[in-house]
Amino acid sequence: MNTNKKSKGGAEKLRLKRNAELKASGIDPKQKKLCFVSKNITSPSTTSLNLVSFTFVSNEHENECDVIEVQENVDSVHSAAPMMIEEGRTEDKILLFRLPTSATLFEKLEFIKKHPIQPKYTNIKFDMMKVYYREVSGKKIHRNWLSFYVNSGILKSMYCSICIAFGTKTNNFSSESGCTNFRHIYSVITSHEESSVHSTSVEIFFRASKEMSLEYLINRDMANLRNEDVEKNIHVLKIVFDIVKFLGQQNLSYRGSAKGETLANIDDLSLNSGNFLEMVRLIAKRDVILNDHLTKSIKKSKQRIDKLKINNKESSKGRGSLVTFLSKTTVDKIIVAILISIRNKIKNEIGEQIFSIQMDSTQDIGVHDQASICIRYLYNGEIKERLFAVVNVINSSGKALFELLKDCFNQHRLHLDKVVGESFDGASNMSGSFSGLQSLIKSMNNKSVYIWCYSHVLNLCICDTVSNLDAKNLFGLLNRLSTFFSSSYKRMNIWVHENKLNNSIGSEKFKRLQKISESNTRWWSRKKALDWIFDGDGALFPVVLSALNHITTDISFDAKCLSEARSLIGNLCEFKTIITAHLFLHIFKIIGPTSDYLQSNNIDILSAWTMVENAKKQINKISFDTIFSDSQEFTKKMNIKCSDLDLPDHIVVEHFFPQQRVRHRKQQFDEQTEPQVLMQGLDKFKVDTFRCVIDQISSSLNERFSQNASLIADVQYLHPLYFLNIKNTMPPNALKLIGNLINVDIKVLQNELLSFSKIFPNIIGSISQRTSNLINSTKSKVIETDIEVENDDINDFNSNAAENNELLYDEDEENLNIKAKHSIEECNQCLICCYKILYKYNMHSIAYTNIFLAYEYTLTLSFTQVNCERAFSKLKLIKTRLRATLEQEKLEAFMMMSVEKELLHDVKFEEILTYIKRHFSNAVRAIFYVLGRFPKFAHWAGAYPVRP
């Protein structure tokens with residue numbers, strides 16, 4: 001016995017098995033007999049449903065063909081359509097698989113009736129059920145469009161009869177040679193069936209059919225089933241889209257743990273499925289379609305995992321061919337689509353007009369330097385400041401930042417030569433005259449204007465002021481006080497207890513003491529700490545003393561803590577501390593509204609400049625006597641409240657500077673002068689502290705805000721409050737700089753401004769006032785009377801405003817309430833209103849084109865970069881310790897959704913479907929193909945176009 005006999009391969013075993021089956025079938029007594037019929041059968045449509053016809057063509061006799069009819073009972077699966085004739089001759093192939101381009105509609109319908117041609121046996125073995133039928137919602141639908149060309153029992157090509165007859169474009173199934181990709185026969189057939197070309201051909205065929213043929217009914221049912229699936233899929237995806245938008249605008253995370261974010265484990269309550277899946281599950285309880293989809297998806301996901309376990313492929317990642325619309329892949333695509341949509345809206349608003357930029361960078365929790373790029377422009381008469389991009393900074397030099405900015409603009413098709421202004425902080429890499437970012441931008445556009453961020457400048461002025469010795473002692477004391485309570489939970493519990501116990505004299509709302517920021521550009525923490533302890537009747541001063549006294553009498557604290565508490569009480573009760581605090585309270589009350597106004601939206605450079613100038617005047621008007629009297633009044637109130645709290649008698653708030661001992665120097669026998677006595681107490685504070693602080697902040701404001709003075713001088717002529725001053729003539733150099741920046745002749749610009757200033761009073765005015773004049777006056781006197789009254793009112797208003805030099809705040813109001821009125825109906829006295837009037841009445845098209853360009857240029861200039869700072873506030877909420885590994889593209893998308901909520905709200909679901917069409921696989925796109933019932937989604941989803 002030969003033990004080395006070679007074993008048979010799988011293919012050979014398969015051939016032997018097939019031969020055995022054929023032999024067994026040949027000797028089967030139940031086998032039907034064969035009968036021969038006439039040749040040259042031309043129309044397969046006459047074949048009955050219970051017959052299967054085959055054609056075998058001999059190579060030696062090309063003009064003859066024998067048709068063998070096998071009479072048998074077709075099973076229920078194949079009874080949906082007849083098995084048609086195989087054509088062997090070239091002439092028959094031309095008749096069955098080709099149509100002339102000039103074929104009529106009747107000829108096309110007759111051509112469809114000759115199909116499908118679907119043999120039962122060929123030289124290529126394939127699953128007929130899988131090829132000839134497709135499964136839709138658990139039902140098998142016969143592919144009546146699919147036909148095969150067989151020559152001598154050999155499968156040559158595949159054709160789509162509907163695409164041949166009604167196709168608008170030629171594809172591999174409608175070409176002369178047909179489709180010959182039999183190696184991937186299943187995927188090729190499915191891909192063609194789900195293509196938009198085939199779908200269009202089917203729709204045209206449906207509309208061309210005038211009778212309820214069998215093919216029409218079958219395809220109509222299939223279309224209805226697909227429409228139902230499409231409707232459900234679109235409904236599910238729209239819910240997913242809404243959830244993504246909600247989580248994005250609320251700065252919430254999407255995903256949970258690695259195991260919990262899969263649908264197979266969503267029922268395991270011990271795992272964290274993430275906010276997204278939890279919201280899906282919550283909405284599914286109230287949405288039948290989503291609940292059904294979620295149930296099926298969970299079931300399929302579990303089946304897939306079980307199958308992977310059986311095949312020992314548990315480590316396999318991804319979803320495979322499973323499409324649920326609930327995976328991270330779909331969510332990531334929607335997030336990117338929203339980012340693209342928001343940015344496209346910004347680019348569409350900008351168009352080809354000029355704009356200015358703001359740029360700043362900060363380090364996130366992942367130790368990456370993130371730079372935010374904001375753009376300021378005008379759109380529909382309104383000032384817009386948008387976050388445009390968030391980029392990762394590798395090199396912070398001016399040249400590297402310029403290349404980063406240029407690459408960003410080139411990627412999104414924005415032009416640096418359209419940048420007319422930029423606003424950065426005072427860092428050398430930004431503001432450098434030779435290698436700074438602003439100088440490199442100016443090399444691209446030499447007429448761009450760099451403005452040092454006004455908010456940063458104002459903060460630096462305040463920081464210069466608090467460098468005084470007494471100021472450092474005051475804010476150092478406040479920082480010590482906050483740190484003392486916050487560094488121990490025991491001391492914090494005492495603070496909370498005292499705050500609640502003495503709520504009537506403390507704050508109505510629980511407050512923690514504010515720590516003083518160490519950053520030189522963040523002065524608001526000083527203002528907040530000062531206000532909470534020293535400002536008004538609700539000051540926390542007595543509550544602080546009560547809490548500190550509680551600690552000094554508690555033996556559970558150590559000696560160091562007791563000593564620190566006594567020291568804090570003594571420093572707080574000093575009159576120097578109180579008067580210094582009231583000095584800065586007065587300063588912050590003036591600077592605070594100005595700083596808040598500089599951080600608001602839709603303001604112009606002249607308004608900001610005027611606010612700063614008014615702040616200078618108010619600071620110079622601060623009276624030492626007022627501060628001294630306010631301090632003494634405060635000490636009296638605090639002593640009364642301390643007595644009401646039953647504090648010890650040694651805790652007394654000083655109401656005057658203590659008298660210091662005068663030192664007497666020993667005199668020599670020949671000295672005749674009296675010993676010199678240095679200034680003490682009140683006089684010393686007035687000279688060393690009060691005057692130094694006031695002089696320092698005044699000089700800082702004058703020095704740091706001295707840039708762009710010539711530009712401000714020109715902009716003032718554009719303000720309506722100064723229209724009366726120019727009257728019929730203007731200074732020769734007026735508007736010279738602005739004319740140079742916008743490339744307009746200075747004389748033309750001046751003449752247009754003079755003309756506009758004359759008609760401006762007649763344009764503005766109250767509608768009710770005009771209506772009243774029209775009703776109460778005669779027709780002949782209406783116009784004259786109306787104009788005279790309006791001119792008188794406006795002249796009075798302008799003259800008063802010009803005398804008082806007031807623009808955006810009222811000096812009579814104690815807190816300098818800002819009057820930022822920028823609507824035409826409410827203001828009519830600012831640069832924005834002038835621009836809106838020109839835009840609204842279309843006066844810029846011919847008459848005032850150049851002056852309109854001047855207003856547009858002025859309002860486009862950025863003078864702060866607070867939008868970048870707002871974006872960084874969102875960055876801290878989005879990229880947290882638990883989300884420190886966010887990808888840059890996702891981080892940018894989340895920040896855009898959080899900052900630009902207005903644009904996020906305007907993102908339409910159809911735009912997301914457009915992105916799905918372009919970037920998802922064919923299998924996923926096919927799920928959204930629409931047949932008639934969803935025309936509004938057809939264009940976005942790439943479905944069948946609706947034709948008239």
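- Between Phe409 and Phe388, the ring-plane angle classifies as perpendicular under the 30° and 60° cut-offs.
- Side-chain atoms of Ser898 and Asn251 include a donor-acceptor pair closer than 3.5 Å.
- Take His415 and apply the ring pair (Phe, Tyr, Trp, His ring centres under 6.0 Å) test, not counting sequence neighbours, and it matches no residue.
- With sequence neighbours left out, Tyr839 forms a side-chain hydrogen bond (donor to acceptor under 3.5 Å, both in side chains) with Asn380.
- Proximity of Phe863 to Arg376: side-chain heavy atoms (C-beta onward) are separated by under 4.5 Å at one or more points.
- Checked by atom type, the side-chain pair Asn867/Gln358 shows no donor-acceptor distance below 3.5 Å.
- A donor atom on one side chain and an acceptor atom on the other are found under 3.5 Å apart for Ser356 and Ser862.
- Gln363 pairs by the side-chain hydrogen bond (donor to acceptor under 3.5 Å, both in side chains) definition with nothing, not counting sequence neighbours.
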Tabulate below the donor-acceptor pairs under 3.5 Å that side-chain atoms of residues 872-886 make, not counting sequence neighbours, or state none.
{"unit_1": "Ser873", "atom_1": "OG", "unit_2": "Glu869", "atom_2": "O", "d": "3.3"}
{"unit_1": "Lys879", "atom_1": "NZ", "unit_2": "Asp364", "atom_2": "OD2", "d": "2.9"}
{"unit_1": "Arg883", "atom_1": "NH1", "unit_2": "Ile878", "atom_2": "O", "d": "3.4"}

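- The salt bridge (charged side-chain N to carboxylate O under 4.0 Å, His left out) test applied to Asp242 returns Lys238, not counting sequence neighbours.
- For the residue pair Gln353 and Tyr377, no side-chain donor N or O sits within less than 3.5 Å of a side-chain acceptor on the partner.
- Residues forming a salt bridge (charged side-chain N to carboxylate O under 4.0 Å, His left out) with Arg491 (at least two apart in sequence, or on another chain): none.
- Two residues are said to be in side-chain contact when any heavy atoms from C-beta on lie closer than 4.5 Å; His456 and Gln865 meet this criterion.
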